[in-house]
Each structure stands twice: as structure tokens, then as C-alpha cells.
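Nothing fancy with the numbering, it's 1 onward along the sequence.
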Amino acid sequence: MEWLSAENVVAVATSVLGIAAAIAMVWYERHIPRRKRIGYRVQMDNPIGDDVQSGRPNVRLGSFDAPNMANGTLVLLRIENDGSESIGLDDYTSRELNGLTVEFTDRTIHGVSVTQPQGTDHLMSHFTPHSGFGYDEDGNKLRLPRVPLNRGEYFKLLVLLSGGDVGRDIKLVGGIRDGAVRPNRGALPDDTPPLFSRAARAITIVLTASVLTLSTIIIARDDNPPPLGCEKGELTVTGSTAFAPVVRDLAKEYEKDCEGSDIAVDTRGSTAGVGELADLKGESAKTRTSMIAFSDGRSTRAGAALEAESIALSVFTLVANSGLDLPEGLTLTQVRRLYSGEIGYWDELVPSLPHRRVVLVSRDADSGTRQVFQDRVLDGRWEGVPSTSLDCDLAVDRSAPVRCELNSTGDVLKKVASTQGAIGFSELNQANDEKGVKLVALNGDIADVEAIENDGSPYPYRGVEYAYTYGAPPAGSLAGSFLDYIRNNGQNVIRSHGHVPCSTEAGGQLCRDDD
């Protein structure tokens with residue numbers, strides 16, 4: 001992963017923004033409100049006369065039997081210290097005796113009632129004419145004394161008015177040293193109080209936006225992060241043609257997960273691949289560590305300089321042309337008789353079969369599949385029928401039996417499928433995908449990976465797939481990283497091709513037993 005990728009930059013920036021917003025809000029709540037501050041809010045502005053025009057819907061018009069109150073209104077006003085410091089008498093900046101003034105637009109004051117909250121007994125003594133409390137007759141201004149208010153303290157004014165409509169402006173005028181006088185949002189009878197404060201809403205919006213941005217990045221980017229230990233560079237993988245499909249898929253997965261890597265798969269047989277690796281003796285260390293050779297079974301070409309690592313248990317099978325009826329398969333003894341050259345026609349081995357020439361389709365001497373076949377099925381012997389033709393052409397080759405050697409597992413399968421009386425050998429998964437051939441059981445056991453891994457099947461034609469390197473791959477090399485990837489991330493790919501990973505507990509035991 002590139003640390004300076006666009007996704008990482010956006011993710012880090014978004015996280016920093018969310019954290020900064022939270023810190024800023026905490027700082028704001030701790031420092032900004034520490035000014036001295038008086039807030040006021042209108043908690044009621046209701047009509048008491050039937051001639052009053054209401055500025056708000058759904059407000060009942062009242063009717064009180066009082067003289068000259070046809071257009072009367074009642075206003076409940078709350079004056080509060082909503083800062084974080086107490087306010088004393090000297091904190092009011094007015095030049096008049098009173099500290100603050102309430103102005104009622106277009107209305108005339110007829111009376112006022114003051115209340116203090118329970119548990120507060122020092123406020124009422126300040127509401128006297130000598131302290132500046134009062135209002136002018138036929139006036140619209142209510143003078144409030146300099147009332148000392150501790151933090152959170154408040155008092156309420158119930159004012160009787162006439163001559164104006166409900167909802168007209170009501171202002172509290174005055175000043176506080178090192179502070180402010182400001183309106184607060186009033187909780188009127190028909191209002192629904194806000195669920196969150198402005199500060200809470202702001203921080204919620206910022207943090208929600210941050211989370212959504214991070215979620216979008218996570219969804220948009222690859223769910224499977226690249227594995228640890230990715231390396232860049234070029235690597236050549238050679239060797240077994242039977243194991244080549246597995247290696248090609250593993251190479252593609254590694255290149256997809258690890259950008260900057262280039263793995264070329266060029267398989268020409270186990271023996272040829274290991275020999276090519278061994279021939280790098282005189283090359284530079286960089287060249288020697290840029291190749292891996294896979295071999296079906298241990299290679300006879302590997303010298304002391306090469307190191308082998310078991311990768312998978314591979315299962316192989318005999319395959320016959322679909323025209324051959326071998327429901328019981330063959331015993332190891334019968335297979336050895338075929339490949340010794342003793343049997344020229346199939347009815348000589350199985351009387352129920354037609355009088356048809358035996359065609360032995362084999363791999364060349366570079367094949368690891370052939371080596372495993374020789375060791376595990378033929379008991380180490382390969383004497384017998386020499387190669388009689390290049391491609392098992394029955395029209396040209398009149399001998400019995402016929403034997404040819406081909407360069408790859410795929411070539412063997414195609415030749416067996418197209419030739420009557422043909423029998424050959426192949427890696428199991430590739431044989432299952434080939435039309436025109438059938439699997440041949442050995443000693444009554446059919447090739448079955450699950451039965452071998454889980455049920456202890458003694459099926460004999462199987463062997464360990466080895467990865468050869470020139471010495472131990474150095475730290476930081478692409479060869480070492482690719483082998484680590486196969487061990488830690490390649491099990492599903494190996495299984496999908498019909499092999500048992502040696503890196504599992506059960507697979508490891510099988511690989512050790514078959515070593």
C-alpha cells in the first residue's frame with residue numbers, strides 16, 4: 001500500500017477534521033461562554049381581550065371582564081444569567097439608575113408582576129422605585145434595577161399591556177461590562193423545544209459527514225488489502241507442466257495484490273526446469289534468486305546448491321481412451337506388464353477387451369509426472385518398451401505395443417482421447433477436464449483427493465510438488481515473497497486445482513509421508 005495514496009490522504013484529512021471539530025466545540029463551550037452574559041426570552045405573549053390580532057396561528061383569543069382591556073395582552077418575560085460568571089451591581093454599564101430596560105413595541109404597559117425561583121430570596125429586594133424599577137404612565141418601557149445574578153439565576157416578569165398585537169418585537173436594552181445582553185430562543189406555549197442545541201447540531205453534522213466520507217472510502221477501495229511482504233521486480237517460474245495451471249493462477253493473484261511485480265510462468269517439464277535453475281551457478285546472485293522451478297516429486301537434477309520446499313500433494317491418474325472398457329481398473333501388476341512390453345494387445349491382458357493394439361502415451365524424460373509414475377507405480381523400473389514413434393501414429397507405426405513420448409500433460413491427454421487403445425498418465429484435475437478419456441483405478445482405488453486427505457485412501461499414484469530455489473531466498477526477494485504468499489494465501493487456489501496444500505495440518509502430514 002502506498003502511504004501517500006489519494007484514499008489515505010482523504011481518510012487522514014477527514015479524521016483530523018472530525019477530531020478538530022470535537023476539540024473546537026469543547027474549547028468553545030469552555031471559553032466563549034465564560035463571558036458575563038444576560039439572556040432574555042419571551043415565554044408567553046397571549047391576548048386577554050377579544051379585539052387582539054394574533055400574529056401566530058392556533059392561539060386562543062381570550063376575553064377578560066376588565067375595563068379598557070379589549071386589546072389587552074399578557075407577556076411573560078424571563079431574564080437570566082446564562083453565562084458562566086456571576087453578575088454584580090457594578091457590572092451594569094447604564095448611566096441611569098436602572099440597569100436594563102424592556103421595550104414593548106406599539107404597546108402600553110399597565111402593570112407588572114415579578115417572580116423569583118424557589119430557593120432564591122435576595123432578588124425581590126432590588127425591585128423598588130429607589131433602585132430604578134418602574135415604568136412611565138402611558139409608556140412602553142419597563143425599567144429594571146441592577147439585579148445581582150449568580151450563574152444560572154433568573155427572574156420572571158409578567159407584564160400587562162394594551163394597544164398592540166401579539167408577537168410584536170420585545171427588546172431588552174442595556175449593557176454588561178465584559179459581557180453582553182442578548183435574546184435567547186423562547187419556549188412559547190405552542191413551540192416544540194429543539195432536541196439538540198446549536199452546538200450539538202453543528203458537531204453532529206461535522207462528525208456525521210466525517211464518518212460518511214470514511215465509509216465511502218472503505219466501500220470504494222479494495223476489500224482485500226495487499227498481504228504483508230509484497231515485493232516488486234521480475235520472477236520466472238519454470239518446471240512442471242502438470243502444476244503449471246496452479247502456478248499461473250497464483251502468479252495472477254500475487255500480481256493483483258502486489259503492484260509492481262511481474263511473474264512469468266514458462267514451464268517445460270520438472271527435470272528441465274530444475275536443470276535450468278541448477279545451470280545458473282555462474283550467474284549473479286540477483287539472477288539466481290529470480291527463478292523458481294517446480295517439480296513433481298524430488299528432482300534428480302537438483303544439486304547441493306538447490307533447496308526444495310514442499311508445496312502440495314499432487315494426485316495423478318492413469319487415463320484410457322473412452323473406448324476401452326476397464327470398469328475394474330488395473331492392478332499394479334497389470335500396469336507393470338503393460339509398460340514392460342510384455343502385452344501387445346489388450347485382450348492379452350483382459351480377455352473381455354477387443355483385439356486392439358496397446359498404445360502407451362508417455363511423457364519425455366524431463367517430466368516429473370513420469371518420474372512419480374516410475375517410482376510409485378512401476379516400482380522404479382522404466383525398462384521395457386522403447387519409444388517407437390514421435391506421436392503414436394498407428395498408421396505409420398506397425399509395432400505392438402506402440403509407445404511415444406510427448407512434451408506436456410495436455411499433449412498426452414489429447415493423444416489418448418483421439419487414439420483407440422491408448423493409455424497414458426496425467427495430473428488428476430487436468431484429466432477430469434478432458435473429454436474422450438476415462439480415469440483408470442489402481443488396485444481398486446480411483447484417484448480421489450478427498451479420500452486421500454480425509455479417509456486414508458492408499459491410492460498409490462501421488463507425489464509431493466516441490467518448489468526449488470537456488471539457495472534460500474534472501475529477505476526482500478520476490479522469490480521469497482511469492483513462496484510466502486503461496487504458503488499463507490494460496491491454499492484456496494491449490495485446492496481449486498485438486499491438490500492438497502502442504503501448509504495445512506493434514507496436508508503437511510501427507511506431504512511428509514510421501515516425501
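- The shortest distance between side-chain heavy atoms of Q43 and K156 falls below 4.5 Å.
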- request: Please lay out, stage by stage, how R177 and K36 fare under the test side-chain contact (heavy atoms from CB on, under 4.5 Å).
  value: CA-CA 8 Å; R177 184 176 292 105; K36 297 176 181 179; 5.9 Å; no
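- A donor-acceptor pair is defined here as one N or O able to donate and one able to accept, closer than 3.5 Å; no such pair exists between the side chain of N184 and the backbone of R41.
- Contact of the N140 side chain with the E103 side chain is not registered, since no non-hydrogen atoms from C-beta on lie closer than 4.5 Å.
- Between E253 and Y485, the shortest heavy-atom distance links the atoms CB-OH, 3.3 Å.
- Listed here is the closest heavy atom pair of P474 and T289: CD-CG2, 3.6 Å.
- For the pair L306 and T469, the minimum side-chain heavy-atom distance is 4.5 Å or more.
- Y461 contributes no side-chain N or O that, together with a main-chain N or O of V372, makes up a donor-acceptor pair within less than 3.5 Å.
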Exercise. Show your reasoning for whether side chain to side chain donor-acceptor pair (under 3.5 Å) applies to Q491 and S503.
Key: CA-CA 8 Å; Q491 294 180 5; S503 57; 3.0 Å; yes
* **Residue pair N150, E153: steps toward the side chain to side chain donor-acceptor pair (under 3.5 Å) verdict** => CA-CA 5 Å; N150 294 322; E153 285 185 342; 3.2 Å; yes
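- Of all heavy-atom pairs spanning R146 and L89, the tightest one is O-CD2, 2.7 Å.
- Heavy-atom neighbours of N492 CG from other residues, nucleotides or ligands within 6.0 Å: at or below the threshold of 12.
- In this structure, the side chains of I170 and V75 come closer than 4.5 Å at one or more pairs of heavy atoms.
- When atom types are taken as modelled, the side chain of Q116 and the backbone of L123 share a donor-acceptor pair closer than 3.5 angstrom.
- The residues K286 and E234 are annotated as not salt-bridged, no charged nitrogen and carboxylate oxygen being separated by less than 4.0 angstrom.
- In this structure, a donor-acceptor pair under 3.5 Å is absent between the side chains of N98 and Y92.
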Dump the intermediate steps for side-chain contact (heavy atoms from CB on, under 4.5 Å) on Y470 and K281, then the final yes or no.
CA-CA 8 Å; Y470 203 104; K281 179 179 180 180; 3.3 Å; yes
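- For S481 (side chain) and L478 (main-chain N/O), no donor-acceptor pair under 3.5 Å exists by modelled atom type.
- Tested against R168 for a side-chain hydrogen bond (donor to acceptor under 3.5 Å, both in side chains), the candidates T105, D106, T73 yield a single pass: D106.
- Looking at R37 and I176, their side chains never come closer than 4.5 Å, going by heavy atoms from C-beta outward.
- The shortest non-hydrogen separation linking L161 to V159 is CD2-CG1, 3.7 Å.
- Within a 6.0 Å sphere centred on CG of D279, other residues, nucleotides and ligands contribute more than 12 heavy atoms.
- The shortest side-chain heavy-atom distance between L235 and D262 does not fall under the 4.5 Å cut-off.
- Atom CD of E96 sits in a sparse spot, with 12 or fewer heavy atoms from other residues, nucleotides or ligands closer than 6.0 Å.
- No donor-acceptor distance shorter than 3.5 angstrom exists from the side chain of T101 to the backbone of R143, with no hydrogens or angles considered.
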Tell me which donor-acceptor pairs under 3.5 Å the side chains of residues 127-134 have, and how far apart each pair is, sequence neighbours excluded?
| unit_1 | atom_1 | unit_2 | atom_2 | d |
| --- | --- | --- | --- | --- |
| T128 | OG1 | S131 | N | 3.3 |
| T128 | OG1 | S131 | OG | 3.1 |
| S131 | OG | H126 | O | 3.3 |

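- Expressed to the nearest 0.5 Å, how far OG1 of T317 lies from CG of N432 amounts to 8.0 Å.
- Separating the CZ atom in F294 from the CG atom in L277 is a distance of 11.5 Å, to the nearest 0.5 Å.
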Run the side-chain contact (heavy atoms from CB on, under 4.5 Å) test on V114 and M124 for me, step by step, so that the C-alpha distance in whole Å, both residues' side-chain angles and the decisive distance to 0.1 Å come before the verdict. CA-CA 8 Å; V114 182; M124 298 302 294; 4.0 Å; yes
| message | The test is side-chain contact (heavy atoms from CB on, under 4.5 Å); show your working for Y154 and N81 and say whether it passes. | response | CA-CA 6 Å; Y154 67 91; N81 179 353; over 6 Å; no
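- Between the Q430 side chain and the A242 main chain, a donor and an acceptor come within less than 3.5 Å of each other.
- Taking every heavy atom of both residues into account, G99 and S94 meet most closely at O-CB, 3.6 Å.
- Here D514 contributes atom CG and C502 contributes atom SG; the two are 9.0 Å apart, rounded to the nearest 0.5 Å.
- Expressed to the nearest 0.5 Å, how far OH of Y135 lies from CG of L142 amounts to 8.5 Å.
- At distances below 3.5 Å, at least one donor-acceptor pair connects side-chain atoms of S295 with backbone N or O atoms of G297.
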Inset, instruction - Report the C-alpha distance between K141 and D136 in whole Å, list the side-chain angles of each, state the deciding distance to 0.1 Å, and finish with yes or no for salt bridge (Lys or Arg N to Asp or Glu O under 4.0 Å). - result: CA-CA 7 Å; K141 294 181 179 180; D136 296 333; over 6 Å; no
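- If you take CD on E453 and CZ on R495, they are separated by 4.0 Å, rounding to the nearest 0.5 Å.
- D296 has its side chain out of reach of V464: every pair of non-hydrogen atoms, C-beta onward, lies at least 4.5 Å apart.
- Cation-pi contact between R298 and Y466: present, with separation from the ring centre below 6.0 Å and deviation from the ring axis of at most 45°.
- When side chains are defined from C-beta on, I452 counts as touching R462, because their heavy atoms get closer than 4.5 Å.
- Checked by atom type and distance alone, the side chain of S314 never pairs as donor or acceptor with a backbone atom of E465 at under 3.5 Å.
- For H497 and F243, the gap between ring centers reaches or exceeds 6.0 Å.
- Proximity of a side-chain donor or acceptor of E255 to a complementary backbone N or O of I263 within less than 3.5 Å is detected.
- Smallest separation of non-hydrogen atoms from L483 and A467: CD2-CB, 3.9 Å.
- Rounded to the nearest 0.5 Å, atoms OG (S477) and CZ (F482) are 12.5 Å apart.
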